[in-house]
Q: 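Sharing a structure below in structure tokens format, with a few things to ask.
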Amino acid sequence: MKKPLTRDLRRCLGATSVLSELGDLRVYDCDGLTIEKRLPDAVVFPATTEQVAEVVRICSRHDAPIVARGAGTSLAGGCLPIGGGVVVMLTRMKRIIEVNVADRMALVEAGVLNLQLARALTGTGLHFAPDPSSQIACTIGGNVATNAGGPHTLKYGVTLNHVLGVEAVLGDGTVMQLGPLGDRAALDLTGVLVGSEGTLAIVTRVWIRLTPNPQDYRTLRVTFDSLDDASNAISDVIASGIVPAAMELMDQGILAAVDEAFQFGFPADAEAVVVIELDGPSVGLDEQRDRITEICNRHQAREILQASDAQQRALLWKCRKMAVGAVGRLSPSYCIQDGVVPRTKLPHIIRRITEISAKYSIRIVNVAHAGDGNIHPILLFDERDADQVQRALAAGKELLEDCIRCGGSVTAEHGIGIEKISLMESLFAPYDLKMMEKVRDAFNPGGGLGLGKVLPSPHAPTLLHAAVSIGDV
Amino acid sequence: MFDSIFPGSETIQVAHQSEVAEVVAAAYAQQRPIYPVGGATSLGLGAVAGKPGTVLRLAKLNQRVDYPSRDLTITVEAGMKMAELAKCLSAEQQRLPIDVASAESATVGGVVAANLCGPRRYRYGTVRDYLLGLTVVDGTGQSFSTGGRVVKNAAGYDLTRLMIGSLGALGVITQATLMVRPVPEMSAFVVVPLPSLEKAESLLASLRTSELEPAALSLVVGDRLADDPDRGAAATLWIGLESSEIEVRWMLDLASRLCREQGLPAVFIDAPDRVASIWRGLTEHAAVRPDQRAATLAVELTVLPSRTVAAAVRLHQFDPQASLLCQAGNGVILAWFSCKPENAGELVTRIRKAAEELGGRVVVTDFPPESRLDRSTIWGPPGPEIRVMQRIKRQFDPEGILNPGRFIFE
Amino acid sequence: MNSESLPITSDRNGRTTLQAAVRPELFLECVHCGLCTSSCPTFTELGDENVGPRGRIYLMRMITDGTLDALPTVRHHLDLCLDCRACESACPSGVHYGRIIEPFRLAMEEEKHRGIAGWDWFRTFVLFGLFPYAGRIRLAMKPVRLMQRLGLYDRFERLGLFKLIPGRLGQMATLVNPPVDQGPKLPSFLPAIGRRRARVAFFVGCVADAMFRHTHWATLRVLQQNGCDILLPEGQGCCGAIHFHAGSNSGARRLANTNVDAFRLDEIDAIIVNHAGCGAMLKEYGLHWQDDRRAQRQEFSEKVRDINEFLDQLGPVAPTGEIRAVVAYHDACHLRHGQQVIDPPRKLMELIPGLELRDLPESEVCCGSAGTYNLNQPEMADRLICRKVENIVSTGAQIVLASNAGCLLQIGREIRRQRLPIAVLHPMDLLDLSYRGEQPELPGHNGR
Ligand SMILES: Cc1cc2nc3c(=O)[nH]c(=O)nc-3n(C[C@H](O)[C@H](O)[C@H](O)COP(=O)(O)OP(=O)(O)OC[C@H]3O[C@@H](n4cnc5c(N)ncnc54)[C@H](O)[C@@H]3O)c2cc1C
Ligand code: SF4
Ligand code: SF4
């Protein structure tokens with residue numbers, strides 16, 4: 001059965017755009033989440049929407065599951081080829097088709113890198129607001145599929161708020177264009193596709209809303225002796241009615257890693273640093289900064305520094321953005337969690353993280369898009385030690401259940417993938433999930449796209465029993 | 001009361017969310033249509049109902065469920081009036097920056113279902129950008145929840161977005177959680193009377209590419225606002241500015257400089273009463289007066305923002321008497337034509353053709369009920385994606401009892 | 001987990017085996033996040049994880065673990081790596097990619113060339129026979145240089161006749177830069193001009209001496225202007241990079257030891273090198289081999305400075321000669337990613353009055369030269385150089401600068417091929433002209 005599949009794919013795309021030898025497939029057995037691995041039967045590199053559609057049709061003829069893959073930076077196992085089948089790489093569809101400055105929009109192919117777009121926009125005075133920490137590598141298609149966020153989500157919103165429309169291929173190979181003009185005469189299918197993690201359609205093109213660059217910035221680095229003070233200050237800033245462009249928390253553990261990587265000179269003994277950025281017309285910024293300074297001081301901030309120029313600002317952001325990656329310096333394996341709580345619950349959940357870390361003796365370091373109540377506790381372990389893996393997984397689960405209890409959710413931006421399927425049932429009632437299934441069936445009747453992802457199903461792997469040694473397939 | 005839109009239907013009033021489920025479940029069993037109605041302010045949107053059924057009035061479903069103001073979110077029942085919501089939020093210096101006409105009647109659920117918004121959408125966006133979660137009763141009478149109460153959430157499919165603008169055809173919304181914003185310190189207007197519609201083109205272009213981030217860019221042609229300083233001008237551009245006082249003052253300066261560069265006079269308005277009255281005026285302008293419905297055709301035309309003026313000029317050519325309210329930053333034009341019922345269909349066809357030439361889309365938002373426009377005239381011809389929408393409709397409302405015939409579906 | 005040295009473990013016969021080539025801990029530094037992929041030239045060209053850094057690390061790890069055989073396709077993916085180490089700059093986890101791929105490839109090469117079947121004339125005679133010796137290179141270049149002088153070269157190139165010369169030799173022939181006045185043989189000492197600020201030794205190298213002696217002269221004059229006494233020790237030779245990267249481990253070590261012997265470290269403040277490829281190699285002498293001379297090589301490495309880096313640290317004497325030209329600076333991989341020298345050359349160029357330095361898009365992406373890569377992987381090298389030149393052209397620069405012989409040759413060839421009116425120079429060439437108050441020769445519009 002596999003042979004005819006690859007033969008058909010080759011016929012359609014040409015031999016150089018289809019991989020099917022064992023030696024070529026192994027690197028596609030996982031993405032940024034490495035605790036679970038599955039081997040695909042083939043990997044294809046379409047160059048056009050029509051080729052994507054043709055691939056989908058071929059797969060549906062052969063009953064082969066399909067996984068879309070961009071840069072493969074998913075932390076939720078979204079690219080895992082469950083049940084084998086075909087990995088559709090969007091990496092060769094990376095044309096920026098149009099940048100329309102007057103209307104503040106752009107049309108790009110799904111494989112365009114977030115950073116590539118940012119670079120192409122220099123000089124236009126516009127930018128694409130979602131700025132995930134994986135910005136240097138991730139694709140716009142991946143951002144759309146996961147509804148990616150980033151530090152500046154606080155003021156500017158997530159990917160959803162910046163997508164005007166998409167071109168997408170459905171499970172039966174139909175190509176549809178949604179948007180870009182706001183359209184009342186329809187259901188907001190774009191809104192549903194954003195964040196659907198490749199399980200409803202393969203996104204091939206995206207109409208992006210571009211945001212004007214702010215005239216000016218004030219970027220503050222606020223150091224706190226206690227994590228508690230830091231999270232209380234953040235909560236107070238939000239409640240005060242100021243909307244900073246970003247408000248990011250880094251704790252002592254992560255600061256150590258960042259400092260090792262970039263020699264920024266963070267104080268080693270401080271429990272937390274909060275990066276707060278204000279942006280907008282210059283005239284209004286100092287006043288806002290002063291209000292924030294006052295709130296931070298009320299919460300015993302040890303030191304408040306302001307980036308003095310664009311270079312310092314860039315370096316501060318680089319540290320924040322690379323923080324997650326830099327954790328690799330602390331431990332051979334890590335699992336970055338992605339919980340979200342109502343913003344006033346931030347101090348509570350941060351305290352809980354400390355407790356859970358002690359309970360499971362798993363070291364946890366923290367970064368957080370704190371202004372949104374979005375925490376990223378990073379659990380450190382060694383994947384070669386099965387016991388540690390189990391404890392890390394259990395700690396992560398307890399933490400997320402706590403988020404649910406606070407009225408939050410188990411993922412704010414990384415998605416469910418395969419990683420969090422088991423939590424879907426704690427988060428949603430059975431009938432809520434049933435409705436989601438109905439939507440999936442409407443887009444993707446055979447279920448071939450993104451098999452075993454997002455919703456509980458017999459195909460979903462059970463992670464707690466995952467094989468952990470690298471190379472175990 | 002609703003006979004012109006839901007001929008032969010009875011009316012049921014509910015006061016608890018659980019009752020909604022009961023009523024719909026019963027209707028599902030009997031395959032009897034349900035027509036959900038909130039504040040009855042947007043009933044002109046959509047075709048006249050095909051079959052008699054039950055008009056389900058939700059306005060009594062108006063409780064505030066939870067308002068953790070420090071989280072900047074609020075959860076309310078769907079029948080809460082927009083004005084009531086605004087009042088509740090203003091006690092905490094917060095607001096939902098979505099303007100809808102007849103806010104004393106319009107309900108939260110209705111605003112979501114009809115995806116309404118007003119002049120501030122340029123800066124603040126639409127319902128899509130604020131709605132965090134919903135509770136909905138589907139076409140079988142079962143209740144489900146979407147989204148959540150946090151401002152960022154990537155768990156599962158975003159059924160919340162699916163419900164926005166679904167016009168009661170996928171489910172009856174019973175509760176909504178919204179993200180809210182602090183009320184800005186100051187609000188002001190720069191008003192620019194324009195000698196001709198074309199003159200708006202270059203001014204808008206320079207405003208859109210400047211550092212100015214106005215809350216609204218509304219171009220009014222034909223019928224004027226009561227606050228208009230120069231009703232003799234061919235058109236008036238209202239530049240709404242909101243932020244801290246110091247920023248607003250800076251923007252006022254910048255805006256007037258840009259106008260001067262174009263040789264256009266600009267009037268400042270910053271007295272709070274008048275500013276509030278203008279926001280109200282721009283918002284209410286969108287409503288069709290009940291006494292004029294019988295002879296008015298209202299359309300919403302969407303083009304790329306840079307083509308707004310070109311589109312307005314075209315509409316003006318069809319009928320120099322037409323009134324236009326253009327959200328020029330978004331490329332959305334609301335246009336009203338006085339029109340005899342028998343001519344409505346043909347006029348829509350001509351407008352749609354013109355819009356398509358400009359790459360735009362048209363939806364009829366109100367029309368003389370007598371003209372009985374059909375679905376494809378109102379909503380325009382569907383693309384291949386309609387198949388997915390139909391499948392969703394069948395999944396959510398297997399018996400087709402929710403608002404049958406009103407929206408794009410059978 | 002920090003590995004101070006590059007471990008090369010051997011099998012019972014003293015030969016390196018693939019499985020034992022890399023210490024397993026080095027793999028663990030990689031957390032598989034994928035942030036490096038977009039910096040990798042081969043990944044961005046082909047979009048295939050197999051030819052991106054994360055994929056390559058994964059492949060080598062699986063071979064090391066014994067869960068994957070070193071299949072021919074796998075070897076091909078690894079061969080296609082430029083060893084440009086852009087991924088290392090991008091990696092937030094601090095993965096030492098070079099320390100993984102280099103020994104691994106060494107082992108692959110050694111395995112391949114074991115026995116007569118793997119014998120490769122090009123490798124034996126050309127790479128190892130020619131490159132260490134500046135004299136032989138100059139001799140070997142003679143026919144090409146003669147053709148250039150006779151104007152035949154152009155016609156040959158246009159007709160594609162170099163393609164008739166067997167594969168990699170033909171590639172090499174086209175690389176040879178057009179003749180310039182190379183200047184006389186280098187002396188053994190040059191004194192500082194003005195107050196003496198430092199005493200340095202200069203590393204001459206092989207290709208660099210044969211093809212870029214004029215740049216050596218420029219560099220020496222710049223050093224003099226900056227108050228440096230310069231020693232040019234006898235007995236030094238090729239840095240060994242070509243041997244090392246082409247898999248001749250022992251040859252490389254021999255050359256390294258020769259160089260270590262040639263320099264008297266206690267007499268000098270620094271060893272100056274002006275080509276990035278050599279510089280990166282010299283700086284790694286202390287890392288590569290475990291034997292009783294390691295400490296000595298380490299001391300040597302610690303004294304090595306790239307010329308740009310050195311001048312920047314010393315505080316350059318500002319040049320005064322105005323040069324009105326638009327220039328773009330290309331980051332040689334071995335300087336930017338290998339030595340993390342990024343700003344100094346740019347800062348130096350900004351000192352030249354009148355010079356306009358424009359940002360080169362993707363300046364940090366490899367030009368495809370990568371040591372002998374353009375000889376072994378011509379197709380990928382071609383794609384990369386085309387992209388590079390496209391970017392150069394987009395800046396409108398009249399001069400493109402690079403601090404590395406390989407880049408200068410690779411970019412120069414493509415610019416000649418496309419007949420573009422752009423000069424290809426080393427930053428020291430330009431700095432020297434400015435000190436001397438002279439102007440660069442800018443090509444006219446027919447590409448000459
Ligand atoms: C160090 C690190 C930091 C991160 N920081 C953030 C952060 O700050 N914010 C954030 O939101 N995320 C973050 N992420 C997660 C990840 O980078 C984002 O989810 C990103 O949007 C994924 O993009 P990608 O191109 O890598 O997609 P992939 O990983 O390739 O795919 C992700 C999912 O989307 C699907 N998909 C991809 N392309 C398409 C397409 N064209 N059509 C349909 N489905 C598709 C895949 O099937 C998969 O389910 C981080 C990841 C890492 C490793
Ligand atoms: S090499 Fe570094 S950047 Fe690349 S996947 Fe590994 S850890 Fe991530
Ligand atoms: S060294 Fe260069 S070519 Fe090799 S993997 Fe790293 S970035 Fe890619």
Side-chain angles (χ1 to χ4, degrees), chain A residues 102-103 146-147 149 153 157-158 161 170 174 176-178 181-189 191-192 194-196 212 215 238-239 241 280-281 283-284 287 340-344 372-374 407-416 424 427-429 431-432 435-436 438-439 441-443 454, chain B residues 68 70-73 93 115 125 128-129 138 142-146 148-159 161-162 164-166 181-182 205 208-209 211 213 243-244 246-247 250-251 300 302-306 330-332 360-361 363 379-380 383-385 388-389 391-392 395-396 408:
Chain A
D103 294 312
T146 57
N147 192 13
T153 299
V158 285
N161 308 108
L170 295 175
T174 313
M176 59 177 189
Q177 181 187 323
L178 307 169
L181 291 183
D183 199 345
R184 283 162 164 279
L187 298 175
D188 184 2
L189 297 189
V192 183
V194 173
S196 65
Q215 191 188 39
I238 293 291
V283 289
E287 185 185 307
V340 54
V341 294
R343 319 193 231 212
T344 42
D372 284 320
N374 181 187
S409 171
V410 297
T411 170
E413 47 181 33
H414 296 171
I416 296 293
M424 285 293 273
L427 190 60
F428 292 103
Y431 200 63
D432 303 347
M435 294 312 277
M436 291 189 194
K438 290 181 177 191
V439 169
D441 292 345
F443 278 92
V454 182
Chain B
R70 283 171 55 93
D71 285 337
L72 281 83
T73 63
Q93 310 302 313
N115 193 11
R128 196 186 196 234
D129 303 303
D138 75 359
Q142 298 184 75
S143 172
F144 65 97
S145 298
T146 72
R149 292 190 185 180
V150 279
V151 296
K152 230 170 143 186
N153 195 347
Y157 301 137
D158 192 347
L159 303 193
R161 264 16 79 180
L162 188 61
I164 297 172
S166 65
R181 293 246 168 188
R208 271 198 307 255
T209 50
E211 284 177 321
E213 281 300 305
S243 192
S244 63
I246 180 166
E247 263 181 45
W250 172 80
M251 288 195 283
E300 184 181 303
T302 314
V303 288
L304 290 177
S306 59
N330 303 91
V332 176
R361 305 273 192 116
V363 165
W379 304 109
E385 61 279 8
V388 179
M389 298 185 203
R391 289 204 288 260
I392 293 176
Q395 297 273 16
F396 278 55
I408 49 178

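Letters A, B, ... are given to chains in the order of the sequence lines, protein chains preceding strands, and every chain is numbered from 1.
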Q: Using non-hydrogen atoms and a 4.5 Å limit, figure out which bit of A/Val158 sits close to chain B: side chain, backbone, both or neither.
A: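 When you check distances to chain B, only side chain atoms of A/Val158 fall under 4.5 Å.
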Q: Would you mind checking which part of A/Ala102 comes under 4.5 Å of any heavy atom in chain B, side chain (CB onward), backbone (N, CA, C, O), both or neither?
A: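 A/Ala102 touches chain B through backbone and side-chain heavy atoms alike.
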Q: Within a strict 4.5 Å, meaning less than it, do heavy atoms of the B/Gln395 and A/Val439 side chains meet?
A: no
Q: Got a second to check how far A/Asp188's CG is from B/Asp158's CG, nearest 0.5 Å?
A: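 Atom-to-atom, A/Asp188:CG and B/Asp158:CG are 8.5 Å apart.
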Q: Would a 4.5 Å heavy-atom cut-off, applied to side chains only, mark B/Leu162 and A/Leu189 as touching?
A: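 Yes, side chains in contact.
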Q: Between A/Glu413, A/Met435, A/Met424, A/His414, which shows the greatest number of heavy-atom pairs under 4.5 Å with chain B?
A: A/Met435
Q: Under 4.5 Å, counting heavy-atom pairs only, tell me which of A/Gly284, A/Ala185, A/Gly373 racks up the most with chain B.
A: A/Ala185
Q: A/Thr146, A/Leu178, A/Thr153: which one forms the most heavy-atom pairs within less than 4.5 Å of chain B?
A: A/Thr153
Q: Which value, rounded to the nearest 0.5 Å, describes the distance between B/Arg391 atom CZ and A/Lys438 atom NZ?
A: 15.0 Å
Q: Under a 4.5 Å cut-off applied to non-hydrogen side-chain atoms, are B/Val150 and A/Val340 in contact?
A: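 Side-chain contact under 4.5 Å: yes.
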Q: Hey, does the side chain of B/Arg149 reach the backbone of A/Pro342 with a donor-acceptor pair shorter than 3.5 angstrom?
A: no
Q: Which residue out of A/Leu170, A/Asp372, A/Asn147 racks up the most heavy-atom pairs below 4.5 Å with chain B?
A: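 The residue among A/Leu170, A/Asp372, A/Asn147 with the greatest pair count is A/Asp372.
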Q: Could you tell me if the side chain of A/Ile238 sits less than 4.5 Å from the side chain of B/Leu72, heavy atoms only?
A: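 Touching, per the 4.5 Å side-chain cut-off.
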Q: For A/Gln177, is it the side chain, the backbone, both, or neither that has a heavy atom closer than 4.5 Å to a heavy atom of chain B?
A: backbone
Q: With distance as the sole test, does A/Asp432 use its side chain to make a donor-acceptor pair with the main-chain N or O of B/Phe144 at under 3.5 Å?
A: no
